Amino acid sequence: TIPTWQDYKFKVKGMHVNVRHFSSRMVSVNNTYNPEIIALLKEWKPEGRGSYNPTYKFWNYWLPFSVKIIERLQVLNE
């Protein structure tokens, strides 16, 4: 079967950040525990209706903000 998502990998502040961009255009973002990255994702939360999923340890963001998440991570990518 064809996957219904696309995976991206970024490096922000020396830490690997993984993004899964689903066909629904929602994105899920996770990384190894890093307080700076978590603070950044929390900062984006109210702006983009983001939420944290403790079961999978992912931050989820929906349209239209999900596109901005990928753009921002591309800018921060080292």
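Here the structure is a predicted model, which is why all the values come from computation and not from measurement. In what follows, every heavy atom counts, from backbone to side chain, and hydrogens, waters and symmetry copies are set aside. Residue numbers count from 1 along this sequence.
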* Nearest 0.5 Å, what's the CE-CG distance between Met15 and Asn31? -> 6.0 Å
* Is Val67 isolated, or which residues cluster with it under the ILVMFWY side-chain rule of less than 4.5 Å, directly or via members? -> Leu63
* Group every Ile, Leu, Val, Met, Phe, Trp and Tyr by side-chain heavy-atom contacts under 4.5 Å, then state whether Trp62 and Val19 land in the same group. => no
* Asked: So how far is it from Arg20 CZ to Thr4 OG1, rounded to the nearest 0.5 Å?
  -> 8.5 Å
* Structure fact -> Closest heavy-atom pair, Phe58 versus Ser28, reported as atoms and distance to 0.1 Å, is CD2-CB, 3.2 Å
* Structure fact -> Closest non-hydrogen contact found for Lys9 with Asn18 is NZ-OD1, 3.3 Å
* **CD1 on Ile37 to CG on Leu76, rounded to 0.5 Å** => 8.0 Å
* Would you name the heavy atoms of His16 and Lys11 that are closest together and state the gap between them? => CE1-CD, 4.4 Å
* Between Val27 and Phe65, is there a shared hydrophobic cluster once you connect ILVMFWY residues whose side-chain heavy atoms come closer than 4.5 Å? -> yes
* **Val12-Ile69 co-clustered via ILVMFWY side chain contacts under 4.5 Å** => yes
* Structure fact -> In short, Tyr61 meets Leu41 closest at the heavy-atom pair OH-O, 2.7 Å
* Asked: So Lys13 and Asn34, side chain to side chain contact (heavy atoms under 4.5 Å, CB included) or not? Walk me through it.
  -> CA-CA 10 Å; Lys13 299 183 180 192; Asn34 179 297; 5.7 Å; no
* Side chain proximity check, Glu78 to Phe10, heavy atoms < 4.5 angstrom -> no
* Drop me the distance from Gln6's CD to Tyr8's OH, to the nearest 0.5 angstrom. => 3.5 Å
* Do any pairs count as a side chain to side chain donor-acceptor pair (under 3.5 Å) and have a residue in residues 39-51, sequence neighbours left out, and if so which ones? -> Glu47-Arg72
